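First up is the structure itself, then whatever we jot down about it.
As the structure is a computational prediction, the values presented were derived from the model and not from experiment.
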Amino acid sequence: MLEQRIQQHFFESADLMYQVAEHLSRPIAEAAQIITTCLTSGGKLLVHAHGGPELAQAFSARLLQGFERDRPALAAVPLATLNTEALAQLAALGHPGDLLVALCPQDEDPLTAELMAQAHAKDMGVVMLSGGMGGHWPSLLRDTDVWIAVPHERRARVQELHLLALHALCDAIDIQLLGANEGA
């Protein structure tokens, strides 16, 4: 019985990945384009992940240290997870032309919403990766922002897809900066 339950995690994750691959490819490509434009124009990414810093740190590290290819470091800073610290970091580090990359596996989160509002007030763009069925995120996004929505309620599945989306973003950014890698 335990083995079947474990297998179910794999099946559910694989099914979700297959179901959303076509749906998510366009917003991920759009996000890669605005991220690359931001970085090549001297901007930086401020990355926040609701519910834990792991994804923000992983994405920032892959941009700073390279993903699967050697390249110069790209400017990415993971924000703190505590409300006052994250807001203070964005206030201190965010400038016009920078981007907030926000990851939230659920429909709503007051801190993420406040970070988005603060980023917009500083003339920053937003790349939003969310889960659930959308909640209030669409009403908080501008036309120039990008929304990557994983239509699933289970937090673990959403975070798995967020990690995959971040890997796809890193690869797409590298392709735009370095060209296609013939070995990949």
Side-chain angles (χ1 to χ4, degrees), residues 9-10 12-40 43-81 86 89-90 93-94 98-107 109 111-112 115-116 119 124-132 134 137 141 145-178 180-181 184:
H9 284 280
F10 285 90
E12 187 178 274
S13 183
D15 286 346
L16 179 60
M17 286 183 192
Y18 183 76
Q19 290 170 17
V20 301
E22 190 172 330
H23 165 75
L24 294 182
S25 62
R26 173 168 278 160
I28 292 171
E30 290 172 1
Q33 289 174 344
I34 69 165
I35 288 171
T36 303
T37 299
C38 168
L39 294 170
T40 58
K44 67 185 157 305
L45 306 183
L46 300 175
V47 187
H48 175 75
H50 170 75
E54 298 83 10
L55 287 178
Q57 291 171 346
F59 183 53
S60 298
R62 285 166 179 83
L63 291 174
L64 286 167
Q65 300 168 1
F67 177 55
E68 293 181 326
R69 299 165 68 180
D70 289 332
R71 61 157 163 69
L74 301 174
V77 179
L79 296 179
T81 56
Q89 276 185 295
L90 185 69
L93 300 174
D98 291 343
L99 282 174
L100 170 67
V101 178
L103 297 101
C104 186
Q106 57 201 43
D107 285 338
D109 171 57
L111 174 58
T112 305
L115 287 168
M116 291 168 67
M124 295 171 56
V126 174
V127 173
M128 176 69 193
L129 288 86
S130 74
W137 298 127
L141 294 165
D145 295 334
V146 177
W147 183 30
I148 302 168
V150 177
H152 203 275
E153 296 296 330
R154 195 163 178 194
R155 183 184 189 112
R157 297 295 85 86
V158 171
Q159 288 178 319
E160 290 163 0
L161 264 289
H162 282 179
L163 180 60
L164 182 58
L166 294 174
H167 285 165
L169 273 172
C170 289
D171 182 57
I173 292 164
D174 283 354
I175 286 171
Q176 291 180 83
L177 294 174
L178 305 171
N181 186 356

How far does [atom1] of [X] sit from [atom2] of [Y], to the nearest 0.5 angstrom?
X: Ser13; Y: Arg154; atom1: OG; atom2: CZ; answer: 10.0 Å
X: Arg157; Y: Glu160; atom1: CZ; atom2: CD; answer: 4.0 Å
X: Ile173; Y: Ile35; atom1: CD1; atom2: CD1; answer: 4.5 Å
X: Leu64; Y: Phe59; atom1: CG; atom2: CZ; answer: 10.5 Å
X: Leu100; Y: His48; atom1: CG; atom2: NE2; answer: 8.5 Å
X: Leu74; Y: Cys170; atom1: CG; atom2: SG; answer: 9.0 Å

### Query
Stepwise, does the side-chain contact (heavy atoms from CB on, under 4.5 Å) test hold for His152 with Leu161?
CA-CA 10 Å; His152 203 275; Leu161 264 289; over 6 Å; no
Where do [X] and [Y] come nearest, in terms of heavy atoms and distance?
X: Leu99; Y: Ile34; answer: CD1-O, 3.6 Å
X: Gln106; Y: Asp109; answer: NE2-CB, 4.2 Å
X: Ile148; Y: Ala31; answer: CD1-CB, 4.0 Å
X: Ala32; Y: Ala172; answer: CB-CB, 3.5 Å
X: Ala80; Y: Ala86; answer: O-CB, 3.2 Å
X: Pro151; Y: Val20; answer: CD-CG1, 3.8 Å

### Message
Under the rule for side-chain contact (heavy atoms from CB on, under 4.5 Å), what residues qualify as partners of Ala76, not counting sequence neighbours?
### Response
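For Ala76 the side-chain contact (heavy atoms from CB on, under 4.5 Å) partners, ignoring immediate neighbours, are Leu45, Ser60, Leu63.
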### Message
So, using side-chain contact (heavy atoms from CB on, under 4.5 Å) as the criterion, who are the partners of Ala58 when residues are at least two apart?
### Response
Arg62
### Message
Using the rule given for side-chain contact (heavy atoms from CB on, under 4.5 Å), can you reason through Leu103 versus Gln159, listing the C-alpha separation, both sets of side-chain angles and the distance that settles it, and then say yes or no?
### Response
CA-CA 9 Å; Leu103 297 101; Gln159 288 178 319; over 6 Å; no
Any side-chain heavy atom of [X] within less than 4.5 Å of one from [Y]?
X: Gln176; Y: Thr40; value: no
X: Leu39; Y: Leu177; value: no
X: Met124; Y: Leu90; value: yes
X: Phe67; Y: Leu166; value: no
X: Leu93; Y: Lys44; value: yes
X: His50; Y: Leu111; value: no
X: Val158; Y: Leu129; value: no
X: Leu163; Y: His167; value: yes

### Message
Please check: side-chain N/O of Thr36 versus main-chain N/O of Gln33, any donor-acceptor pairing under 3.5 Å?
### Response
no
### Message
Is it the case that atom CZ in Arg155 sees more than 12 heavy atoms from other parts of the structure closer than 6.0 Å?
### Response
yes
### Task
Run the numbers on Cys104 and Met128 for side-chain contact (heavy atoms from CB on, under 4.5 Å), then give the verdict.
CA-CA 8 Å; Cys104 186; Met128 176 69 193; 3.7 Å; yes
